[in-house]
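Before any comments, here is the structure.
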Amino acid sequence: MLNRRDALRTGVLGAIGAGAVAPQVPTSAAAVPESAEHVGPRDWERLAGALSPASTLYRPCGSVYPSLALPFNHRYDAVQPAGIVACATTGDVREAIRWARSVGLPAVPRSGLGHNYAGYSTTTGLLLNMARMRSITATPRPGSARSRVYGPMRVVHDAGTVTVGAGVTNGDLHPLLEDRGTFVPTGRCPSVGVAGLVLGGGIGFSDKMFGLTCDRLSATTVVLADGQTVEAREDSYPDLFWACRGGAGNNFGVHTSFTFRYEQFEGTVGIYRFRWSLDSVLPVITAAQQIAQDTVGDKRFHLRLGIGTRGQTRPQIQQNANVNAIGQYYGTVEELGAILAPLLDIGTAEERARNRASIRAVTPGEASVLLSATTPVDRFAAKSAILDSRTLLTDQQVSAAAERLLDWPGSGNEDGAGFAMFALGGEINRVSPDATAFVHRNGLFVFAAETSWADYDPFGVADANLRWLEEFYDDIFRGRPPQHSYQNFPDPTLKDWQRAYYGTNYDRLVRVKRTYDPTGFFGYPQAIGS
């Protein structure tokens, strides 16, 4: 193993202090992305020398580089970074940003695996991989905290705080819940980074009960474009703290840690998993939307509703087409069954029996596993909307969606295509739209239309899937979609994305951007102020 001095002398910039063989600095321009051709070997050596021993600089010729460069959404796998810094400390992030500015390269953070629907966690510049920053520190609240019983569940509200590093994923927090009953509202996809989730809002199966992930944030450490490190909270950099709660990632700086208020659980929650053939799509969507309206103020009940299919041939696509609903409830299974009664009366005898049997009481840890699901794998795209009481789907829209679903061109991706509707309300809607950057405080659902295809699918399959997604979305909304969209489901084809994602909060976000990143160092096609 080479030490740091040897690495710098020989030009080997690898896993110093990480127990891996260090990659060689390329000397030919052929291995360097076009945007980095002006950056020479000595520049890269200077960056390596500024990093902590626990960090690593990877270059395109190394054996580890390909796996780190590849985003989870393979749709953007052609975007290759000139270099990747696996950051271990806030100081590494600071030095990487200062270096990138000095050589004229963009610096883009990746907190998870690169799930971004629009590929905004990719770059031809310097990629900051945050996966090594996985610390989790829980601090119980001193004194007595507020406790309340919800049926078989006892909740100690605001029981303490938990501070997590920027590389922590939803799945990393599961042991806290399973082993200690410590809970922070996060998303259902275990591999998604908490950083990207919280910065764009953060929806999940407990957001109606405890608020969005961004609503639980009490502080965050941010490295700004000039390399300055600040801690944003209500009483320190309050304008930046406001913007971080819903203003989306890679806009104002690189976040290295987040502190959340957590709940303490003891007991069980009710869960359900319903499924019908597509023949029941009209009564199911109608009944579920009515339930969502009736329970919008009931923070204990949550619903995710959707239709979908998968397959490569027309018979497979028709056979797999279905309508489904899943969710959880902080109360008894008897109360949950009463809420879901209109849905339990729909479908064949077999479907009704199966759906009723799915209602059961489990621990919160078990619920997080049973209700978890990854985002689509390989290659995927999405279009979103925020539905309120005036824009809920009509029978005509649902029929159009079902008809177009059966016309899906197919792919080798098991995740298939369809739409999902994630209920809003409860604590989410009790926050004023201008209290945080997350403006969508009057909705009933986050609506997401998705399609996916596999790495090995023929080239034309991708084009066919993307055309279908546009047609699917247009058929549902008849060319006039709702005004707002969810910023954590970014759509690179969205025209008025500024108002769709941020509404009346956008102008204030631009002012914050100009304060903390006046030169626009952090940027992408839908960045604040672009």
Side-chain angles (χ1 to χ4, degrees), residues 148 150 153 155 157-158 162 164 169-171 173-174 176-177 182-190 192-218 244-248 258 260-263 265 269-272 288 291-293 295-306 325-331 336 339 364-365 367-368 370-373 375 384-388 420-433 435-448 484-489 501:
R148 185 169 178 181
Y150 302 90
M153 169 66 70
V155 179
H157 292 283
D158 293 335
V162 58
V164 305
T169 64
N170 289 333
L173 293 176
H174 176 77
L176 284 179
L177 177 60
T182 299
F183 177 75
V184 175
T186 57
R188 67 187 297 230
C189 178
V192 164
V194 170
L197 179 78
V198 61
L199 294 174
I203 59 175
F205 282 109
S206 291
D207 51 15
K208 285 183 64 181
M209 184 71 171
F210 303 113
L212 301 166
T213 309
C214 72
D215 295 335
R216 309 297 299 181
L217 187 69
S218 60
C244 292
R245 290 172 290 165
F258 302 87
F260 300 99
R261 294 176 289 115
Y262 71 76
E263 317 295 299
F265 284 171
V269 296
I271 66 164
Y272 62 96
I291 290 172
Q293 286 183 287
T295 60
V296 64
D298 186 349
K299 64 182 184 179
R300 298 174 300 163
F301 174 76
H302 206 290
L303 165 71
R304 176 209 175 272
L305 174 68
I326 62 176
Q328 74 176 22
Y329 179 69
Y330 288 87
L336 178 56
I339 293 172
S368 70
L370 293 170
L371 298 176
S372 68
T375 58
S384 73
I386 306 296
L387 305 183
D388 58 24
M421 297 167 62
F422 305 87
L424 300 173
E427 292 297 324
I428 303 170
N429 291 14
R430 292 173 187 170
V431 177
S432 172
T436 68
F438 189 88
V439 75
H440 315 302
R441 300 291 184 172
N442 299 308
L444 282 172
F445 287 102
V446 173
F447 173 96
H484 287 166
S485 298
Y486 182 34
Q487 52 267 47
N488 265 357
F489 296 157
Y501 296 153

Determine whether Lys208 and Thr295 make a side-chain contact, defined as any pair of heavy atoms from C-beta on separated by less than 4.5 Å. yes
Identify the residue among Phe210, Phe205, Tyr262 that makes a ring pair (Phe, Tyr, Trp, His ring centres under 6.0 Å) with Phe183. Phe210
Roughly how far, to the nearest 0.5 Å, is the CG atom of Leu387 from the CZ atom of Phe422? 12.0 Å
Could you walk me through whether Phe438 and Tyr486 satisfy the side chain to side chain contact (heavy atoms under 4.5 Å, CB included) test, starting with their C-alpha distance in whole Å, then the side-chain angles of each, then the deciding distance to 0.1 Å, before giving a yes or no? CA-CA 9 Å; Phe438 189 88; Tyr486 182 34; 3.7 Å; yes
Verdict with supporting geometry, Phe265 and Val155, side chain to side chain contact (heavy atoms under 4.5 Å, CB included): CA-CA 5 Å; Phe265 284 171; Val155 179; 3.9 Å; yes
Write down the atom of Leu444, the atom of Ala292, and the distance for their closest heavy-atom approach. CD2-O, 4.0 Å
Asp388 versus Asn442, closest heavy-atom pair with distance: CB-O, 3.8 Å
Would a 4.5 Å heavy-atom cut-off, applied to side chains only, mark Val198 and Phe258 as touching? yes
Between Gln487 (side chain only) and Gly246 (backbone N and O only), is there a donor and an acceptor less than 3.5 Å apart? yes
May I ask you to test the Glu427-Met209 pair for a side-chain heavy-atom distance under 4.5 Å? no
Derivation and outcome, side chain to side chain contact (heavy atoms under 4.5 Å, CB included), residues Leu212 and Ile203: CA-CA 6 Å; Leu212 301 166; Ile203 59 175; 3.8 Å; yes
So do Val269 and Tyr329 actually touch side chain to side chain, heavy atoms under 4.5 Å? no
Should the pair Asp215-Arg441 be classified as a salt bridge under the 4.0 Å nitrogen-to-oxygen rule? yes
Measuring from atom OG of Ser368 to atom CG of Leu177, what distance do you get when rounded to the nearest 0.5 angstrom? 5.0 Å
If you round to the nearest 0.5 Å, how far is CE of Met153 from OH of Tyr330? 6.0 Å
Which distance, rounded to the nearest 0.5 Å, do you find between the OG of Ser384 and the OH of Tyr501? 6.5 Å
Where is the tightest heavy-atom contact between Ala420 and Arg304, given as atom of each residue plus distance? CB-NH2, 3.3 Å
Indicate the atoms forming the closest heavy-atom contact of Tyr272 with Leu371, along with that distance. O-CD2, 4.3 Å
Which pair of non-hydrogen atoms, one from Leu305 and one from Ala288, has the smallest distance, and what is that distance? CD2-CB, 3.6 Å
Shortest non-hydrogen contact from Leu424 to Val296? O-CG2, 4.1 Å
For the ring pair Tyr150 and Phe301, is the centre-to-centre distance below 6.0 Å? no
Show your working on side chain to side chain donor-acceptor pair (under 3.5 Å) between Gln328 and Ser206 and close with a plain yes or no. CA-CA 8 Å; Gln328 74 176 22; Ser206 291; 2.9 Å; yes
From Leu336 atom CG to Arg300 atom CZ, the distance as rounded to the nearest 0.5 Å: 10.0 Å
Does the side chain of Asp207 pick up a donor-acceptor pair with the side chain of His302 at under 3.5 Å? yes
Let's go through Val194 and Thr169 carefully: what are the C-alpha distance in whole Å and the side-chain angles of both, what is the deciding distance for side chain to side chain contact (heavy atoms under 4.5 Å, CB included) to 0.1 Å, and is it a yes or a no? CA-CA 5 Å; Val194 170; Thr169 64; 5.7 Å; no
Nearest-0.5 Å distance that lies between atom NE2 in His440 and atom OG in Ser485: 7.5 Å
